[in-house]
Structures are given as C-alpha cells and as structure tokens.
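Written below as structure tokens is the structure these notes are about.
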Amino acid sequence: MGVNRDLKKATEAYWAGKVPQDDLVAEGKRLRLEHWKIQKDAGIDIIPSNDFAFYDHVLDHIQLFGVVPERYTKNNLTPLDQYFAMGRGLQRPATDSTPAVDVPALEMVKWFDSNYHYVKPTLQDNQTFKLASNPKPVADFLEAKEAGIITRPVLLGPVSFLHLGKADRGHSIEPISALDKLLPLYQDLLKQLKEAGAETVQIDEPILVFDLPKRVKDAFKPAYEKLGSLGSSAPKIVLATYFGDIVHNIDVLDYLKGVYAIHVDLVRNPEQFETVAAALGPQQVLSAGVVDGRNIWKTNFKRAIEIVEGAVQKLGKDRVIVASSSSLLHTPHTLASEKKLDPEIADWFSFACEKAKELAIIAKAVTEGPASVRDALEANAKSMQARASSSRTNDQAVKERQSKVTPELHERKSPFPIRISEQQKRLNLPLFPTTTIGSFPQTKDIRVHRNKFTKGEITAEEYEKFIEKEIEMVVKVQEELDLDVFVHGEPERNDMVQYFGERLNGYAFTTHGWVQSYGSRCVRPPIVVGDISRPAPMTVKESKYAASISPKPMKGMLTGPITCLRWSFPRDDVHQSVQAQQLALALRDEVVDLEKAGIYVIQVDEPALREGLPLRSGKERTDYLKWAVDSFRLATAGVEDGTQIHSHFCYSEFQDFFYAIAALDADVLSIENSKSDAKLLKVFVDEAYPRHIGPGVYDIHSPRVPSEQEIRDRIAEMLQYLKPDQLWIDPDCGLKTRQWKETKAALTNMVNAAKFFRTQY
Ligand code: MET
C-alpha cells in the first residue's frame, strides 16, 4: 500500500472522481519502483515483480486470463474500471453519453487463514480464456528492467487459481475441469516472460497446504508437465507454497520434477524441512521461508540461521534460497514510521522493510560466516534476550492465575433448562424477543468528538458527557422502536478489538501499522506483546449508565477472546491457546463485573471463531476447537443462572463444526443468515439444538430497507426449522456502518414483523 497507505489514497481519490485514471496509473508505477528499490537497497538478490495489485492479485489474474463475466464487459468500461467493477461493484447513473451501470462485485473471501480477502475467480459453463494483450506480468517485468532491476515475476499457479474459484450463479462448472483450456495461456505467458528477459518465475500453488480432493491433486501432473515441457523457451519455475506444510501432499512433488525450486513455509512448519528436502530431485533448489511474512516479530537470527545451515548441509550452498515465509503484504510497511512506540517494545518488532534487511543478513551469515555480520547478530541476540526476560512480556500473577484454572471454571452452574427459566423470571420477555447486535450508527459527529478527545482538544469529562448523550439518544430510539432487549450502541468504541486492547495490559499499538484487508481497506491490528490482564473494568461504566436510564433489559457487549486474538498480531513465543486463556480470564472478570452492576444480559461476540480454524482437518483443528470453545466458556461461565449469555457470529456456515458451536453453551446465539439459505438452519433441528437462536432477519451491509412483509416471509421460513419459543428476531450484524434513517426504518419493520408473529402463536 506504500509507506503512508499511498495506494489507498490514490485509488479512493480516483473512485471519487477527484483524479484522472492517468494519475492513479502513475502512482502505481511510482509505488512499484519504490518497493523494488527498497528491496534492492536492503540487499535482496531476487526481487519479485507482479506482486503489486491495484485491488487484489487474484483479481489481476481474473483479468489476465479473461475470466470476466459478461455483466462486466458489456458496459464499455476501460480495463481498469472493469477491474474495479469486479472488485467492488459499480453503480453509476446514466449520463448523456453513457448508459446507467449497476453490477455487484464478484464474491470476495478470506485468503487462507489471513485477514486479507481475495476476489473469487467465477467461471461459467463452457468457460473460455484469453490472455490479455500486453499482459501485466510482462509489462511489470519490463518496467523494472528499464529501472535496472531484473525481477522474478510472481504468478498464481493454474491449479490454485482454479481451485480457489467457483461456478458463477446459475452455472455448475467444476473449476478444475477447465485446466486443459487454461494451460496454453500460462505457456504463452511464460514464453513472453522469457522473451522479455525473465530467467526465473515464481508460481504460487498455496493450495498445496490444504487437504485436496483427488481430482485437484492429480491436476498438478498435467499442469506442471505442460509448463515444464517448454524447456529453455520459458523461465525456470520456483513453485511457492505458504501458510502451512505440504507433507500430506508430498507425492505431488513427483509431478514437479521439471520445476527449478520449491518454496516452503519454515516459520509455521519448520518440521516439514526433512520430508520436503528428501522429496526434492537431485538438482532441485529449496527456497526456505524463514522470516515470518504473517507477523511483526523480529526474526530470531540464531534459529533462522540454523535452519538455513541445516538446508545447506543437506543440499549444498547452490541449492538453498533464503526467503520470507510468505508475501510481506500481511505485515505493516516500516517500523521507521512508529514514533510513539516505547523503544523497549519497538526493539522487538520488524515490519516489511526491516524483514527485507533481515533476509540479507541471514544469507550473508550463512555464506560469508557469522563474523561478516557480527554486530547484527549480537544486537539480535540482545533483543531476543530482552524480550524473553522483559517484565512487559512476563506477568507472574497472570501465569499463576492460569495455573489455577480448573475444568469447573468452564461450566455454568446449571444446565440450560434451569437457566432459561431463571432468566425468564428476571427478564420477562415476550415470544419472539427483538434485539440488535450491539452497535448503532457511528456518525461523523462521533468520529469528530473521538478525534478531538484523542488530540486533547476536549477533556475527558467533555467526551464522557458526549458519549452519555449518544447513549441517551440510542436508548430513546430503542424505546420508540419498542425493542425488547436494548444495547447502549457502542458509541465509545473505535473498533471492537482495539477498544479492548487499549484497556488491557499486554497490548501495544502502532500509529502506522496498516495492513491491507481488501481493496483499499486497511486494518491496524493491535499487538499482543505480553501476558494479558485487565487492570480495571472496561465497559461497565457505559453499560451501567445505559441501564440506569431505561427499565428495559440492557445487554452488555464484549468482544470474545478468539476475536481479540485473531484480529491482533499474536505473540509468537507462547501458544495461542495460552493467549486466548489470558484474554478469557480478563473477560471473565468483566462479565462478572457487568452482572454485579445489574446487567443481566451479556453478549460476547466471536465473529472470528471460524477464520481461526486450522486449514486442514485433523488434530490441529480438533485441538483449536477445544481451546477456542474453552476460552469462550471460561470467559462467560462466571455468572449466575439468571444472567443470560449471548454470542454473535457473522456467518451461518458452521455445519462442519456444529458441535463446537453447541459446546459454547451460550443461552442465545445470533448469527448471520439473511443472505444465506434458511436451509442452513436445518442443522439446529438435526442436532436437536435446545437453546435460543436469532438468525439475522435482514442484511445490514446494504442501505436497503427490507419491508415488513419481506421480514415476515423470512421469519416464516425460519420457523420451518426453529421452534417459536427458541427464535429471537434481530438484524444480522451491528449497525455501525449504517445511516440513522435506514436503521430506524428497517428496525420498525423488524419489530412489526415480530409483533405480527406474536399474534399467531
Ligand atoms: N457488537 C458488535 C457490533 O454490533 C458485533 C460486530 S461483529 C463483526 O458492532
């Protein structure tokens, strides 16, 4: 994105019509050159190209191979506008010279287990492919060459490209079946790259870290036989995998004998080295990913050098490349931008620019001997030592508390039937109770006040008064709407994870540590640096105030341990289960404090529970589900039977790990369902799920106001699967991104629809 999110600024200015396309294109060129130069100056020998994308690199390939559904091609858009239309949709009124355009975006989903999102290749029956004229990988290679840098172009491999795709709506093609038609384009592209002067090319096949259907696994054979058959008319291929190990797919390496090198992630799975090294052909090179592309910690040089030296011993110097484990897209740009970080902590971090330098040092240490980089090694050892023994990292009290966690702490006092009757006595809710998921619109006024407060332009009291006024307003609106369980609206929260991180010991924050989430959207994850604890209540004041101004039940609102962990940069020196347990204990205290303050409905959001699922089935996944569920239970089980625990997820596809959802033992679950088939709810019937559920009745991601009838129809559908006394009525997520006008209109219709059903039962 550039050191100051330059690409974000340029694309958004272009989308807003503030700058012409040429300016955006020029900014792209400037950024590419700058990033090549950073790597060159850092001492990187092999510099990648075609890793720059205006929106997403998978989308680049969609356009490169002409996998563009007709709805995007028929509007006479420029190629770049067509590209953005696929990435983010395009809605444009007609002008004198152009007709109106209204196309939704292609589907976008998470990239493996990261928080980056890619655009899904969307294929149609009888899909054809066409290589773009002046293909971007070739153009970018030539651009770098002109600047005096010979790069290694990066392509997404044909098998991964297809397997990561899907059939378009109304089509039934199995993407991998199109491989034969796609391969000639890769061949053509490789030849063009060679003609342009590329000696090597990196082809990513990250799907090798998944469990693969046989058909997909088998596809590697024809694919790499064809690409390998070009001999000297194509660049040599470095086949890259990342985010996991490839041991379970190691037989695929038999089909890859024609490739020059294999890249593996040795940060996540150092143990795969032996198996991979043994499976390499006698000439094949190993690209050893030893610098973490997914986190912000300084590389432990000693450990990394040991791994590289081990590889050199086994394979010989000429057969080892030192690399980052994955693309550095997932790390912030440079530590040099962080002026406010405590120097003690800053010394432990390494962002993308620093990681590039680390790679050069590791390679030099191995090739020229440790003496050639003595100062760097000594400084690194010191940092490692300082971090390991720092009081910021280690909190004895936290460790002690963890050692005393017993199985009983994960259990509510009584089973659900007893709890719900206690809760009902206290809450006295009607059938089909209505509620919302937590946030109400985050208006400009709220952001302005928060900024002023952060900058010290208004006092803490002034800010607090402002927040109270917002809460009063939100409560009043809910009274007018006649909702049953209220929320305070979350006006005081900048972000659902950062807000908690800022109130916990053990967290650090950056000012510029942005990473791309999708398109121009970036997030700035907080960093877990040490043992986590809660010095003081975090949300009680706001919830208590809200409860004090209305007789209706007020729902307390917390972010769950797994979501706090997943949306942060976690520690790499203790297992994530330990960090989750620490977060759980901190949240447990908060839950109990909320109850003491008279808050008898408490929601603990876990929207990231699913993305934390390990990529492959098996032990790691089962283990994860165990500790993830345990952390939720530990956080919530401290309350009395009469206090109602809610949880919220933003997806409804959990059929494959339903037992874990059930094991959370939440009294009420609210889930995303408005865009999915109500049939997904069948699992609740099949599994005889006994507790309460609120499948979102309308989509909050769109400003569209659903009619009362539409919501009634949706509820009727849900009642085919859920019992009337089990069903809650709510929107499918928080309302923070919406405007007030549509929020009130949609909630009015929602409450009326619930009231209608009350008359029916
Ligand atoms: N309580 C949160 C909200 O309403 C839940 C968001 S889940 C992404 O904003």
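Both ligands and their constituent atoms are indexed starting at 1 by order of listing.
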Quiz item: Do other residues, nucleotides or ligands put more than 12 heavy atoms under 6.0 Å from Glu620 CD?
Solution: no
Between Asp113 and Arg566, the two heavy atoms sitting closest are O-NH2, 2.8 Å
Could you go through Glu590 and Thr539, starting from their C-alpha distance and side-chain angles, then the distance that decides it, and tell me whether this counts as side-chain hydrogen bond (donor to acceptor under 3.5 Å, both in side chains)?
CA-CA 8 Å; Glu590 186 72 13; Thr539 65; 2.6 Å; yes
Any non-hydrogen side-chain atom of Val497 less than 4.5 Å from a side-chain atom of Thr563?
yes
Report task. Identify whether the distance between the nearest side-chain nitrogen and carboxylate oxygen of Asp593 and Lys596 falls below 4.0 Å. Result -> yes
Atom pairs and distances, ligand 1 N/O vs protein N/O under 3.5 Å:
unit_1, atom_1, unit_2, atom_2, d
ligand 1, 1 (N), Ile437, O, 3.1
ligand 1, 1 (N), Glu490, OE2, 2.8
ligand 1, 1 (N), Asp605, OD2, 2.7
ligand 1, 4 (O), Ile437, O, 3.3
ligand 1, 4 (O), Ser439, N, 2.9
ligand 1, 4 (O), Ser439, OG, 3.1
ligand 1, 9 (O), Ser439, OG, 2.8
ligand 1, 9 (O), Lys736, NZ, 3.1

Could you check whether Arg610 makes a cation-pi contact with Phe657, meaning its NZ or CZ is under 6.0 Å from the centre of the six-membered ring and within 45° of the ring axis?
no
